[in-house]
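Atoms within a ligand are numbered from 1 in the order they appear, just like the ligands themselves. Throughout, residue positions are numbered sequentially from 1 according to the sequence presented.
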Amino acid sequence: MGQPKILLLGPPGAGKGTQSSNLVEAFGVEHVTTGDALRSNKEMDISDLGLEYDTPGEYMDQGELVPDEVVNAIVEKALTSADGFVLDGYPRNLEQAEQLESMTDLDGIVSLSVSEDELVDRLTGRRVCDECGENYHVEFDQPENEGVCDECGGELIQREDDEEDAVRNRLDVFAENTEPVIEYYSDRADFVDIDGEQSLDTVWEELQAAVEDTV
Ligand code: ADP
Ligand code: ADP
Ligand code: ZN
């Protein structure tokens with residue numbers, strides 16, 4: 001039996017990235033995250049696709065979804081090279097969910113639920129490591145030394161799309177495009193919903209138990 005293949009769903013700010021780091025450490029899976037992959041390719045030239053913008057970054061800074069054809073290719077490549085994985089940030093619409101079905105079989109699907117007010121507080125207070133992508137929060141998850149990553153010593157910065165206007169737009173994009181994806185998966189027998197508004201440690205205990213059940 002190989003390592004687990006886990007899909008982690010939830011709105012922006014639900015704690016997917018934070019809890020994915022725990023899964024990587026505990027289960028030795030790979031973290032496949034479209035957000036990080038796209039951030040390292042923000043300036044990639046996609047002008048030959050004839051889309052609205054010529055780079056992924058132009059979509060991202062406004063909180064809009066990057067077109068499916070760009071994102072699907074990134075995920076397909078990452079999943080074929082991974083044994084076990086936690087997939088975070090994808091699928092974000094029903095077309096992507098359909099693509100995912102043709103790429104791999106999942107062992108477990110976990111959704112983190114968090115209310116909108118809490119999401120705004122979490123996203124506007126989020127700080128990320130410029131080097132390794134680790135997530136922190138100015139109030140809820142502080143590093144040992146202010147502004148410095150515990151994991152690698154990198155500088156902690158605020159993402160451009162974590163400013164309030166872009167945050168509101170991302171939550172609208174989520175409600176319109178990604179909520180139907182969660183509904184779609186919620187009918188499956190292996191779907192688990194976790195109250196993501198609990199403490200970091202309690203969410204982790206419940207998530208760990210859910211993933212242990214799949215192996
Ligand atoms: P996502 O990847 O789902 O967008 P993150 O893991 O980046 O979410 O978390 C968003 C912000 O909320 C981060 O600043 C993180 O430190 C904080 N956070 C995550 N989980 C919790 C929690 N259970 N309670 C309080 N703050 C949290
Ligand atoms: P969050 O912390 O809000 O969950 P991510 O880091 O997952 O944010 O994503 C940041 C941005 O990258 C999104 O707002 C979007 O522009 C783009 N993006 C990430 N994943 C996808 C996807 N599956 N489809 C389209 N765009 C994506
Ligand atoms: Zn770091």
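Checked against a 6.0 Å centroid threshold, the rings of Tyr59 and Tyr53 count as neighbours.
Assignment of Gly10 to the shell around ligand 1 is not supported, since no heavy atom sits closer than 4.0 Å. Under the 4.0 angstrom criterion for non-hydrogen atoms, Arg39 is in contact with ligand 2.
Taking every heavy atom of His137 and a limit of under 4.0 angstrom, the matching atoms of ligand 1 come to 14 (O), 16 (O). Close contacts between ligand 1 and Phe140 involve ligand atoms 25 (C), 26 (N) [criterion: under 4.0 Å to a heavy atom]. Of all atoms in ligand 2, listed by their number and element, those nearer than 4.0 Å to a heavy atom of Val71 are 22 (C), 23 (N), 24 (N), 25 (C). Taking every non-hydrogen atom of Thr34 and a distance limit under 4.0 Å, the qualifying atoms of ligand 2 come out as 19 (C), 20 (N), 21 (C), 23 (N). With ligand atoms numbered from 1 in the order given, ligand 1 contributes 16 (O) to contacts under 4.0 Å with heavy atoms of Asp141. The atoms of ligand 2 that sit less than 4.0 Å from any heavy atom of Arg126 are 2 (O). Of all atoms in ligand 2, numbered sequentially from 1 with element shown, those under 4.0 Å from a heavy atom of Glu64 are 15 (C), 16 (O). Each of the following atoms of ligand 2 lies closer than 4.0 Å to a heavy atom of Arg170: 1 (P), 2 (O), 3 (O), 8 (O). The atoms of ligand 2 that sit less than 4.0 Å from any heavy atom of Tyr90 are 23 (N). Of all atoms in ligand 1, listed by their number and element, those nearer than 4.0 Å to a heavy atom of Pro12 are 4 (O).
The number of heavy atoms from other shown groups lying within 6.0 Å of CD (Glu101) is above 12.
Within the 4.5 Å cutoff, no side-chain heavy atoms of Asn22 are placed close to those of Glu25. Using a 4.5 Å heavy-atom threshold, the side chains of Glu134 and Asp150 count as separate. Using a 4.5 Å heavy-atom cutoff, the side chains of Leu123 and Arg170 are in contact. Side-chain contact between Pro143 and Cys149: absent, with no pair of heavy atoms (C-beta onward) separated by less than 4.5 Å.
For atom 22 (C) of ligand 1, the choice among Lys16, Gln19, Arg159, Arg122 with the nearest heavy atom turns out to be Arg122. Of the listed residues (Thr18, Leu9, Asp162, Leu112), the one carrying the non-hydrogen atom nearest atom 6 (O) of ligand 1 is Thr18.
Of the N or O atoms in Leu123, none lie within a sub-3.5 Å distance of an N or O in ligand 1. For ligand 1, the polar-atom distance check against Asp88 finds no nitrogen or oxygen pair separated by under 3.5 Å. Inclusion of Gly125 in the set of residues having an N or O under 3.5 Å from an N or O of ligand 1 is not warranted. Between Gln96 and ligand 2, a contact under 3.5 Å exists for at least one N or O pair. Residue Tyr136 has at least one N or O atom closer than 3.5 Å to an N or O atom of ligand 1. In terms of polar-atom proximity, Val66 is counted as a contact of ligand 2, with an N or O under 3.5 Å from an N or O of the ligand. When only interatomic distances are considered, the shortest N/O to N/O separation between Val203 and ligand 1 does not fall below 3.5 Å. At least one N or O atom of Gly89 sits closer than 3.5 Å to an N or O atom of ligand 2.
Regarding atom 13 (C) of ligand 2, its nearest protein heavy-atom neighbour is Arg92 NH2, 3.9 Å. With hydrogens left out, the protein atom closest to atom 4 (O) of ligand 1 is Gly13 N, 2.8 Å, a heavy atom. Of all protein heavy atoms, the one lying nearest to atom 8 (O) of ligand 1 is Gly15 N, 3.1 Å. In terms of protein heavy-atom proximity, atom 20 (N) of ligand 1 is closest to Leu200 CD2, 3.2 Å. When only non-hydrogen protein atoms are considered, atom 11 (C) of ligand 2 lies nearest to Met60 CE, 4.1 Å. For atom 2 (O) of ligand 1, the nearest non-hydrogen atom of the protein is Gly17 N, 2.8 Å. Atom 23 (N) of ligand 1 has Gln198 O, 2.9 Å as its closest protein atom, hydrogens excluded (heavy atom only).
Put simply, the side chain of His137 gets close to the backbone of Asp121: a donor and an acceptor are under 3.5 Å apart. In this structure a side-chain-to-backbone donor-acceptor pair under 3.5 Å is missing from Glu76 to Asn72. Side-chain atoms of Gln198 come within 3.5 Å of backbone N or O of Asp195 as a donor-acceptor pair. Gln3 places a side-chain N or O within donor-acceptor distance of the main-chain N or O of Gly28, the cut-off being under 3.5 Å. Formation of a donor-acceptor pair under 3.5 Å by the Arg122 side chain with backbone atoms of Ala14 is found in this model. Remark: side-chain polar atoms of Asn169 are not paired, donor with acceptor, to backbone N or O of Asp165 under 3.5 angstrom. The backbone N or O of Gln96 sits nowhere less than 3.5 Å from a side-chain atom of Asp68 that would complete a donor-acceptor pair. Proximity of a side-chain donor or acceptor of Thr104 to a complementary backbone N or O of Leu100 within less than 3.5 Å is not detected.
For Asp162 and Arg127, the salt-bridge test fails: no basic side-chain N is under 4.0 Å from an acidic carboxylate O.
For the residue pair Glu58 / Thr55, a side-chain donor-acceptor distance below 3.5 Å is found, with atom types taken as modelled. Side-chain contact check for Glu163 and Thr124: no donor-acceptor pair (N or O, by modelled atom type) lies under 3.5 Å. A donor and an acceptor atom, one from each side chain of Ser113 and Asp193, are located under 3.5 Å apart.
The Zn ion (ligand 3) forms the vertex of an angle spanning SG of Cys129 and SG of Cys149; to the nearest 10 degrees it equals 110°. The angle that Cys132 SG and Cys152 SG make at the Zn ion (ligand 3), rounded to 10°, works out to 120°.
Within the 4.0 Å heavy-atom criterion, the part of Leu38 lying near ligand 2 is the side chain and not the backbone. Residue-level proximity to ligand 1 for Pro11 is carried by the backbone, the only part with a heavy atom below 4.0 angstrom.
Phe85 and Leu207 fall into different hydrophobic clusters, defined by Ile, Leu, Val, Met, Phe, Trp and Tyr side-chain heavy atoms under 4.5 Å apart, directly or through other members.
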